[in-house]
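Take a look at the structure below.
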Amino acid sequence: MTLRFVTAIAILSPLAIGILTSVASAQPSSSASSASEAFSICGSGQRITCVVDGDTFWFRGEKIRIADIDTPELSPPRCEREREVGLAAKKRLLDILNSGPLSFKTTARDEDRFGRKLRIVYRDRRSVGDILVDEGLARRWEGSRRGWCQ
């Protein structure tokens with residue numbers, strides 16, 4: 001490394017360094033760690049860091065929709081099976097989000113039509129969506145919702 005390059009890196013802000021590092025490594029960004037965050041189930045009050053359902057949560061005041069999956073609806077569920085799987089997905093997402101640091105990867109679209117940030121969420125470099133799909137609590141997102149009642 002040249003002295004000019006080292007000097008340039010030293011004067012960059014921590015955020016800029018994090019962005020450059022994540023772009024250079026092609027890994028999910030770890031700049032949004034939740035190591036000190038405690039997720040709860042969202043209630044009727046202010047939503048800062050909480051879980052709405054199996055594919056939507058609030059993180060530091062920002063509403064996040066997990067972009068690579070679809071989970072059953074809870075408000076309202078259309079049948080008992082959808083309610084049961086939806087509640088299980090919500091509980092499992094809460095467990096995963098509280099189990100350690102997270103990282104987020106943006107998608108081609110920054111937000112959905114409801115203003116939720118679309119992100120692929122990683123825990124230990126594994127997609128949270130993949131975990132929920134592997135456990136039968138979610139489906140891969142294919143561009144539209146499909147029913148869970150059968």
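In this text the structure is predicted, and so the values were computed from the model without any measurement.
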Review point. Taking the side chain as C-beta and beyond, is there a heavy-atom pair between R65 and D70 under 4.5 Å?
Key: yes
Revision key, fill the gap. The side-chain contact (heavy atoms from CB on, under 4.5 Å) partners of I41 (sequence neighbours excluded) come to V51, K90, L94
Check your understanding: Should R78 and E73 count as an ion pair when the cut-off is N to O under 4.0 Å?
Key -> no
Check your understanding: Which residues pass the side-chain hydrogen bond (donor to acceptor under 3.5 Å, both in side chains) test with T107, sequence neighbours left out?
Key -> none
**Study point:** Listed partners of K117 passing side-chain hydrogen bond (donor to acceptor under 3.5 Å, both in side chains), at least two apart
**Key:** D110, E111
Review point. If you take all heavy atoms of F39 and N98, which pair is closest and at what distance?
Key: N-OD1, 2.7 Å
Exercise for review: Drop me the distance from L93's CG to I69's CD1, to the nearest 0.5 angstrom.
Suggested key: 7.0 Å
Point to revise | Residues that, via side-chain heavy atoms closer than 4.5 angstrom, fall in one hydrophobic cluster with W141 | key: none
Practice item. Evaluate the ring planes of F59 and F104, with Trp represented by its six-membered ring, and classify them as parallel (under 30°), tilted (30 to 60°) or perpendicular (over 60°). Key: tilted
**Study point:** Hydrophobic cluster (4.5 angstrom, side-chain heavy atoms) - remaining members for W58
**Key:** V52
Revision key, fill the gap. Taken in chain and number order and not counting sequence neighbours, the residues that satisfy salt bridge (Lys or Arg N to Asp or Glu O under 4.0 Å) with R83 are E80
Exercise for review: Would you list the pairs meeting disulfide bond (SG atoms under 2.5 Å apart) in which at least one residue belongs to residues 82-148, sequence neighbours left out?
Suggested key: none
Review point. CD of E62 to OG1 of T49: how many Å apart, nearest 0.5 Å?
Key: 10.5 Å
Review point. Stepwise, does the side chain to side chain contact (heavy atoms under 4.5 Å, CB included) test hold for T106 with R119?
Key: CA-CA 5 Å; T106 58; R119 301 291 183 264; 3.7 Å; yes
Revision key, fill the gap. CD1 (I66) and CD1 (I96) are apart, to the nearest 0.5 Å, by 8.0 Å
Study note, to complete from the structure: In short, disulfide bond (SG atoms under 2.5 Å apart) pairs touching residues 45-140 with sequence neighbours left out are C42-C50, C79-C149
**Study point:** Residues in side-chain hydrogen bond (donor to acceptor under 3.5 Å, both in side chains) contact with R116, at least two apart in sequence or another chain
**Key:** T56, D112
Check your understanding: Quick one: salt bridge (Lys or Arg N to Asp or Glu O under 4.0 Å) partners of R146, sequence neighbours excluded?
Key -> E142
Exercise for review: Nearest 0.5 Å please: distance from the CG atom of L118 over to the NZ atom of K63.
Suggested key: 12.0 Å
Exercise for review: Name all residues meeting the side-chain hydrogen bond (donor to acceptor under 3.5 Å, both in side chains) criterion together with R81; count only those two or more places apart in sequence or in a different chain, and write none if there are none.
Suggested key: none
Review item, side-chain donor-acceptor pairs of residues 127-138, under 3.5 Å, at least two apart:
| residue | atom | partner | partner atom | Å |
| --- | --- | --- | --- | --- |
| S127 | OG | D68 | OD2 | 2.7 |
| S127 | OG | G129 | N | 3.1 |
| S127 | OG | D130 | N | 3.1 |
| D130 | OD1 | R140 | NH1 | 2.8 |
| D130 | OD1 | R140 | NH2 | 3.2 |
| D134 | OD2 | R126 | NH2 | 2.4 |
| E135 | OE1 | R92 | NE | 2.7 |
| E135 | OE2 | R92 | NE | 3.2 |
| E135 | OE2 | R92 | NH2 | 3.0 |

